[in-house]
Amino acid sequence: MLLEKLSFRSIGIMKPKGTPGSSLNAIVVGLFVAFGGVLFGYDTGTIGGIIAMPHWLRTFSTGYRDPETDFQPGITAAQSSLIVSILSAGTFFGSLGAAPLADLLGRRIALMMTLVVFSFGVILQTASTAIPLFVAGRFFAGAGVGLISALIPLYQSETAPKWIRGAIVGAYQLAITIGLLIAAVVNNATKDRDDTGSYRIPIAVQFAWALILGAGLLFLPETPRYLIKVGKHDAAAKSLSRLRRLDINDPYLLDELAEIKTNHDHELSLGSASYKDFLTWHTLGKRLTTGCLLQSLQQLTGINFIFYYGTSFFKNSGIRNPFVISMITSAVNVASTFPGLWLVETWGRRNLLLFGAVGMFSSQMIVASAGTAFPGDSNIAAQKALVAFVCIYIFFFACSWGPVAWVVTGEIFPLGVRAKGLSMTTASNWLLNWAIAYSTPYLVNSGSGNANLGAKIFFVWGGCCLICVLFVWGMIYETKGLSLEEVDELYEKVDFAWKSTGFVPKRRFQDMTDNRGLGAEGGDGEKVEHVPAGRESETTEVEGAHPHVERSVV
């Protein structure tokens with residue numbers, strides 16, 4: 001009774017009735033791999049606090065005196081741009097390298113290799129006492145983060161059960177927010193130290209995250225879809241058996257394995273899986289454009305402005321204790337991601353993205369208006385309103401565009417080009433991340449050569465959120481409840497995104513190449529129409545279920 005109350009079904013995330021085995025192993029594996037998001041979030045979150053620490057500024061300053069801090073040692077806008085944005089430059093190249101690495105070594109081994117690159121970057125940053133070495137370390141750490149940011153959603157998508165795939169991949173974003181929160185807490189704890197520990201401790205903590213993830217990867221399975229891709233069918237069966245907690249000869253397991261294999265064979269029959277295939281609009285071009293625009297617009301919502309430059313922004317806005325405010329915004333970011341993991345499987349991808357875009361636009365207009373009308377510390381009420389609506393804005397992002405961007409890009413590509421597609425969409429995320437990180441000091445700061453926008457920058461982010469609304473309506477297909485193979489059918493049969501909500505898959509790849517006699521027929525010998533979880537209301541009830549049925553809580 002208690003287990004049923006604590007099940008996913010009790011909160012509206014439904015495992016299909018009659019599905020045998022247990023999803024627990026796959027869920028645990030997916031959630032553990034999501035831990036890699038902590039590296040991403042922590043590395044992103046530390047820099048905003050580090051470049052505002054007095055000891056770091058005295059150590060790394062090249063002679064510049066900041067007029068906004070009574071001419072204390074500081075760094076120029078150009079140096080700030082370079083230090084913050086170089087990580088994103090590294091992540092751009094790292095994410096592009098994820099595809100060949102994942103296809104050559106496998107998803108699991110590739111993830112382990114990325115930790116070596118990341119740790120090398122952390123070593124350089126920890127040892128540095130001048131900007132050049134610090135920048136080099138951030139570049140290599142960024143390359144590791146870029147690899148991780150493409151490989152983790154890929155691994156999760158290829159191992160998770162379809163009925164909870166969105167929540168599992170979304171947990172990657174949750175881990176990112178946890179990393180940001182931990183970074184804010186550690187920065188606040190060390191900011192007043194008058195020695196190199198003020199910045200070396202926050203940087204060196206990252207070794208712990210790499211060690212935890214690396215140790216766990218030693219015991220995790222390779223994804224069955226990758227093993228099918230490279231022709232290791234026996235290993236794929238063992239991997240899927242471990243993930244689904246079913247005997248290797250169980251009919252349901254063989255059925256799922258055959259669906260993956262025959263779909264991959266179908267893809268191969270259409271031609272080689274290469275980068276040039278993405279030039280074909282109706283098949284892969286539309287999906288790549290969707291993924292790249294989605295990841296780019298996620299950055300243009302302005303969220304990383306808060307986590308890269310939030311401490312400095314709040315400080316310049318006249319708010320006391322900006323480090324504490326950064327901890328609060330990071331905590332809101334974490335807490336707000338949890339409802340997103342539920343909503344992505346209940347509302348669906350399209351509705352949740354639309355909800356988030358409208359909410360972010362409304363909040364940002366208020367932040368921009370309050371900050372523009374009452375600059376600096378001229379009005380305490382305006383300062384409180386600014387912080388409050390920044391938190392509301394973060395809520396809308398964290399429960400929608402934060403996790404769902406990774407979910408959608410992890411779902412929309414066929415197996416043969418999935419690693420390539422994910423690497424390019426992730427690279428577009430980091431390209432915009434770099435552009436924003438590099439240009440923001442010039443846009444926000446005062447002084448010669450700078451735009452001095454201040455809080456008016458939120459008018460820019462708000463305008464981008466309006467573009468997000470139009471983009472979601474016209475380009476985002478609803479993939480809730482579909483297997484990765486059924487998503488391929490969706491894109492082949494439905495021409496317009498706004499018509500995708502009524503789609504119910506008809507094709508069974510086993511029926512096309514039925515060489516085993518399993519999965520194509522029900523217990524009475526009649527064809528079984530496949531109905532994905534979450535779309536049962538759009539078609540009639542399935543008859544002739546397979547006689548081998550084992551119920552489980554998870």
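Excluded from the calculations below are hydrogen atoms, water molecules and symmetry mates; all remaining heavy atoms, backbone and side chain alike, are included.
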**Message:** Just verifying a value: how many Å separate Ser362 OG and Phe396 CZ, rounded to the nearest 0.5 Å?
**Reply:** 7.0 Å
**Heavy-atom closest contact (Ala141 atom, Val122 atom, distance)** = CB-N, 4.5 Å
**Message:** For the CD atom of Gln173 and the SG atom of Cys399, what is their distance to the nearest 0.5 Å?
**Reply:** 11.0 Å
**Item:** Leu31 versus Ala171, closest heavy-atom pair with distance
**Value:** CD2-CB, 3.5 Å
**Message:** Determine whether a donor-acceptor pair (N or O, by modelled atom type, separation under 3.5 Å) exists between the side chain of Gln364 and the backbone of Thr301.
**Reply:** yes
**Fill in**
Distance col, row Leu432:CG vs Cys464:SG, nearest 0.5 angstrom, shows 9.0 Å
**Message:** Using modelled atom types and a 3.5 Å cut-off, is there a donor and acceptor pairing between side-chain atoms of Thr46 and backbone atoms of Asp43?
**Reply:** yes
**Test of ring centre spacing under 6.0 Å for Trp56 and Phe134** = yes
**Request:** Would you check if Tyr226 and Leu154 make a side-chain contact, meaning some heavy-atom pair closer than 4.5 Å?
**Result:** no
Please tabulate, for the side chains in residues 99-107, all donor-acceptor contacts under 3.5 angstrom to protein atoms that are two or more places apart in sequence or on a different chain.
| from | atom 1 | to | atom 2 | distance (Å) |
| --- | --- | --- | --- | --- |
| Asp103 | OD1 | Arg107 | NH1 | 3.0 |
| Arg107 | NE | Glu158 | OE1 | 3.1 |
| Arg107 | NH1 | Ala102 | O | 3.4 |
| Arg107 | NH2 | Glu158 | OE2 | 2.9 |

**Asked** Can you check whether Phe389 reaches Ile392 side chain to side chain, under 4.5 Å on heavy atoms?
**Response** yes
**Fill in**
One should read off an interatomic distance between Leu484 CG and Ser157 OG, to the nearest 0.5 angstrom, of 6.0 Å
**Prompt:** Should we say atom CZ of Phe459 is surrounded by more than 12 heavy atoms from elsewhere, each under 6.0 Å from it?
**Reply:** yes
**Request:** Check whether any side-chain heavy atom of Thr159 sits under 4.5 Å from a side-chain heavy atom of Leu220, and report yes or no.
**Result:** no
**Request:** May I ask you to decide if Ile203's main-chain N or O and Gln206's side chain share a donor-acceptor pair within less than 3.5 Å?
**Result:** yes
**Prompt:** How close do Tyr172 and Gln156 get, heavy atom to heavy atom, and via which atoms?
**Reply:** CB-OE1, 3.7 Å
**Item:** Test item: Leu217 and Leu115 side chains (from C-beta on) under 4.5 Å apart, heavy atoms
**Value:** yes
**Item:** side-chain contact (heavy atoms from CB on, under 4.5 Å) between Gln299 and Trp430, worked out
**Value:** CA-CA 8 Å; Gln299 290 300 307; Trp430 287 114; over 6 Å; no
**Prompt:** Relative to the ring of Trp401, is the ring of Phe471 parallel (under 30°), tilted (30 to 60°) or perpendicular (over 60°)?
**Reply:** tilted
**Request:** Kindly say whether Lys480 contributes a backbone atom to a donor-acceptor pair with the side chain of Glu345 at under 3.5 angstrom?
**Result:** no
**Message:** Applying side-chain contact (heavy atoms from CB on, under 4.5 Å) to Phe32 and Leu213, what does each step give before you reach the verdict?
**Reply:** CA-CA 8 Å; Phe32 177 80; Leu213 183 59; 4.1 Å; yes
**Prompt:** Is there a side-chain contact between Ser95 and Leu147 (heavy atoms, below 4.5 Å)?
**Reply:** no
**Request:** Ignoring hydrogens and angles, tell me if any N or O in the side chain of Ser330 forms a donor-acceptor pair with the backbone of Met327 under 3.5 Å.
**Result:** no
**Asked** Just wondering, more than 12 heavy atoms not from Phe93 lying within 6.0 Å of its CZ?
**Response** no
**Asked** Looking only at atom types and distance, does a side-chain atom of Thr114 sit under 3.5 Å from a main-chain N or O of Leu111, one as donor and one as acceptor?
**Response** yes
**Asked** Rounded to the nearest 0.5 Å, what separation is found between the CH2 atom of Trp461 and the CG atom of Leu300?
**Response** 7.0 Å
**Request:** Check whether any side-chain heavy atom of Asn188 lies under 4.5 Å from a side-chain heavy atom of Lys191, and answer yes or no.
**Result:** yes
**Prompt:** Does a side-chain heavy-atom distance below 4.5 Å link Val469 with Phe361?
**Reply:** no
**side-chain hydrogen bond (donor to acceptor under 3.5 Å, both in side chains) involving Glu411 - partner list, sequence neighbours excluded** = Arg165, Arg349, Thr479
**Message:** Can you see whether Asn333 engages Thr177 through a side-chain donor-acceptor pair at a distance of less than 3.5 angstrom?
**Reply:** no
**Request:** Indicate yes or no for a side-chain donor-acceptor contact from Thr425 to the backbone of Gly291 under 3.5 Å, with no hydrogens or angles considered.
**Result:** no
**Trp406 to Asn429 - nearest heavy-atom pair and separation** = CZ2-ND2, 4.2 Å
**Aromatic plane relationship, Tyr438 with Tyr442 - under 30° parallel, 30 to 60° tilted, over 60° perpendicular** = tilted
**Message:** Using the rule side-chain contact (heavy atoms from CB on, under 4.5 Å), only one of Met53, His55, Arg200 pairs with Thr190; which is it?
**Reply:** Met53
**Asked** Side chain of Ser198, backbone of Asp194: donor and acceptor closer than 3.5 Å?
**Response** no
**Asked** Does any N or O in the side chain of Ser428 come within less than 3.5 Å of the main-chain N or O of Cys292, such that one atom is a donor and the other an acceptor?
**Response** yes
**Close side-chain approach of Phe35 to Trp209, heavy-atom, < 4.5 Å** = yes
**Message:** More than 12 heavy atoms of other residues, nucleotides or ligands under 6.0 Å from CE of Met113: yes or no?
**Reply:** no
**Request:** Please work out whether the ring planes of Phe458 and Phe305 are parallel, tilted or perpendicular, with thresholds of 30° and 60°.
**Result:** perpendicular
**Closest heavy-atom pair and its distance - Cys468, Leu297** = SG-CB, 3.8 Å
**Prompt:** Do you know which two heavy atoms are closest between Thr129 and Phe60, and how far apart they sit?
**Reply:** C-CE2, 3.6 Å
**Message:** Applying side-chain contact (heavy atoms from CB on, under 4.5 Å) to Val135 and Arg138, what does each step give before you reach the verdict?
**Reply:** CA-CA 5 Å; Val135 167; Arg138 280 186 59 75; 5.7 Å; no
**Asked** Quick one: CD on Gln125 to CZ on Phe120, what's the gap to the nearest 0.5 Å?
**Response** 11.0 Å
**Asked** side-chain contact (heavy atoms from CB on, under 4.5 Å) between Trp347 and Trp342: does it pass, once the steps are laid out?
**Response** CA-CA 8 Å; Trp347 279 12; Trp342 170 65; 5.6 Å; no
**Item:** Under 3.5 Å: donor-acceptor pair, side chain of Arg287, backbone of Ile412
**Value:** yes
**Asked** When the aromatic ring centroids of Phe92 and Trp434 are compared, is their separation below 6.0 Å?
**Response** no
